[in-house]
2 protein chains.
Amino acid sequence: MTDHRPLTRNQALVLETLTACEEPLSAYAILDRLRGEGFRAPLQVYRALDKLLQTGLVHRLDSLKAFVACAHPHEHGGEATVAFAICENCARVWEFSDSTIEDRFEAWAKAENFLTRATTIEISGLCAACREAGAPGEPGQPGERGA
Amino acid sequence: MTDHRPLTRNQALVLETLTACEEPLSAYAILDRLRGEGFRAPLQVYRALDKLLQTGLVHRLDSLKAFVACAHPHEHGGEATVAFAICENCARVWEFSDSTIEDRFEAWAKAENFLTRATTIEISGLCAACREAGAPGEPGQPGERGA
DNA sequence: AACTCCGATGTTATATCATTACACTAATTG
DNA sequence: CAATTAGTGTAATGATATAACATCGGAGTT
């Protein structure tokens, strides 16, 4: 299924850009970072992303309209169900999977005779570091949104 | 948290539009359906949607960039975690929740000290009726994507 | 009533995200 | 070499969402 032809220059550049960045990047943010490499139009980015998404090397975060390099590209060939936790303060992303959760979704699908094609799970909130630092949104933290 | 002031005219119109429709609607589709009621600009829709999303009467489906009326508006005040199954063929949406799944997410969050604010779960695939009808995408079905 | 606050509204313009259409290149394979 | 297939470059456009600004109207004052 996942055809493993080598990455083209554009695909490699886009993947490198995402891998080098801690945070998700929008397609246009990727474009801006690659202008020095000759990128000029959004399509150059979107086309590379299409391929990288197909092969599971990159994920799209719908809730952010942004893209991240896969944290575990070797582990799944784009098959497994993955959940993302996204810090609203620092924008970092944690990628994890849970077989119990997968089982429950499968059970629901079986009961409803629903044929699952793709599952998107995104959790927004505050990561541990940002909570400690008293990032906005943490209840009980002084000095924020007082009025 | 969920303040229950009555809906304004614009909010009520947007909610009625979504409730009357079996499928999710984009903001611009809602706008078009409400031009007869005097709607002229996207903001009129987006502002009503903001309120309806806050109160949990409407959900946004990130994967479709579209909005649906909540199927169980009385049950949760916008608090519970809900999963959506979306048929790629007929566009209908099933809304369900599963306490085991919620528990697993909570367990992950606790272990990582992550403060969850919102959870988005969207499953794309084919519903039972569309599978039976041989909708595109169903493997083993004759007459589709032969070449 | 006059005053103030706040949420909602109407309108224009603009920002952001994504795709269509078309012409062309390069590698693969019969 | 012809045919096929993926990829590329460019311009134009479509689709989704928000910013900025002026105004309105109800609720609670004083």
Side-chain angles (χ1 to χ4, degrees), chain A residues 1-18 23-55 57-68 86 91 120 122 124 145-147, chain B residues 1-18 23-55 57-68 91 120 122 145-147:
Chain A
M1 184 110 307
T2 40
D3 79 306
H4 277 303
R5 79 174 64 211
L7 297 181
T8 66
R9 170 179 152 87
N10 284 4
Q11 290 158 12
L13 285 168
V14 168
L15 180 56
E16 284 166 22
T17 303
L18 287 174
E23 312 158 21
L25 293 175
S26 75
Y28 280 72
I30 296 169
L31 173 59
D32 285 340
R33 292 176 188 227
L34 289 175
R35 289 197 189 278
E37 305 292 337
F39 275 50
R40 294 169 174 276
L43 250 201
Q44 295 175 287
V45 175
Y46 281 110
R47 286 203 274 227
L49 285 171
D50 282 346
K51 189 65 191 302
L52 295 167
L53 290 167
Q54 277 169 32
T55 57
L57 293 171
V58 162
H59 300 289
R60 185 191 136 96
L61 300 177
D62 285 334
S63 61
L64 297 183
K65 299 165 196 169
F67 303 85
V68 281
I86 304 164
T120 297
E122 296 175 27
S124 293
R145 26 187 89 248
Chain B
M1 182 111 310
T2 42
D3 81 305
H4 278 301
R5 83 174 60 213
L7 296 182
T8 65
R9 170 179 152 85
N10 284 3
Q11 291 158 13
L13 285 169
V14 168
L15 180 57
E16 284 166 22
T17 303
L18 286 174
E23 312 156 22
L25 292 175
S26 74
Y28 280 74
I30 295 169
L31 173 58
D32 284 340
R33 292 175 188 229
L34 288 175
R35 290 198 189 277
E37 305 292 337
F39 275 51
R40 295 168 173 277
L43 251 200
Q44 294 175 285
V45 175
Y46 281 110
R47 288 203 274 228
L49 285 172
D50 281 347
K51 190 66 193 302
L52 296 168
L53 289 167
Q54 277 170 32
T55 57
L57 293 171
V58 162
H59 300 290
R60 186 192 136 98
L61 300 176
D62 286 334
S63 61
L64 297 182
K65 300 165 194 166
F67 304 85
V68 282
T120 297
E122 296 175 26
R145 27 187 88 243

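Sequence lines set the chain letters: A, B, ... in the order given, protein chains first and strands last, and positions in each chain run from 1.
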Tabulate below the donor-acceptor pairs under 3.5 Å that side-chain atoms of residues 37-47 of chain A make, not counting sequence neighbours, or state none.
from	atom 1	to	atom 2	distance (Å)
A:Gln44	OE1	A:Arg40	N	2.6
A:Gln44	OE1	A:Ala41	N	2.9

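- If you walk DNA chain D from 5' to 3' and mark each nucleotide with an atom closer than 4.0 Å to a heavy atom of chain B, the marks span D:dT16 to D:dA20.
- Taking the nucleotide of DNA chain C with the nearest heavy atom to each of B:Thr8 and B:Tyr28, the more 5' of the two is matched to B:Thr8.
- When side chains are defined from C-beta on, A:Ile30 counts as touching A:Leu49, because their heavy atoms get closer than 4.5 Å.
- The interatomic distance linking A:Leu61 (CG) with C:dC17 (C1') rounds to 15 Å, in whole Å.
- At least one donor-acceptor pair under 3.5 Å links the side chain of B:Glu122 to the backbone N or O of B:Asp62.
- Contact record, B:Ser26 with B:Ala66: N-CB, 4.0 Å, taken as the closest heavy-atom pair.
- B:Lys51 NZ to B:Asn10 CG: the interatomic distance, rounded to the nearest 0.5 Å, is 12.0 Å.
- With values rounded to the nearest 0.5 angstrom, A:Leu13 atom CG is found 11.0 Å from A:Leu18 atom CG.
- Smallest separation of non-hydrogen atoms from A:Ala48 and A:Val14: CB-CG2, 3.7 Å.
- Near-neighbour residues of DNA chain C inside residues 32-50 of chain B, defined by a heavy atom below 4.0 Å, number-ordered: B:Arg40, B:Ala41, B:Leu43, B:Gln44, B:Arg47.
- Taking CD of A:Glu23 as the reference point, atom CG of A:Leu64 lies at 10.5 Å (rounded to 0.5 Å).
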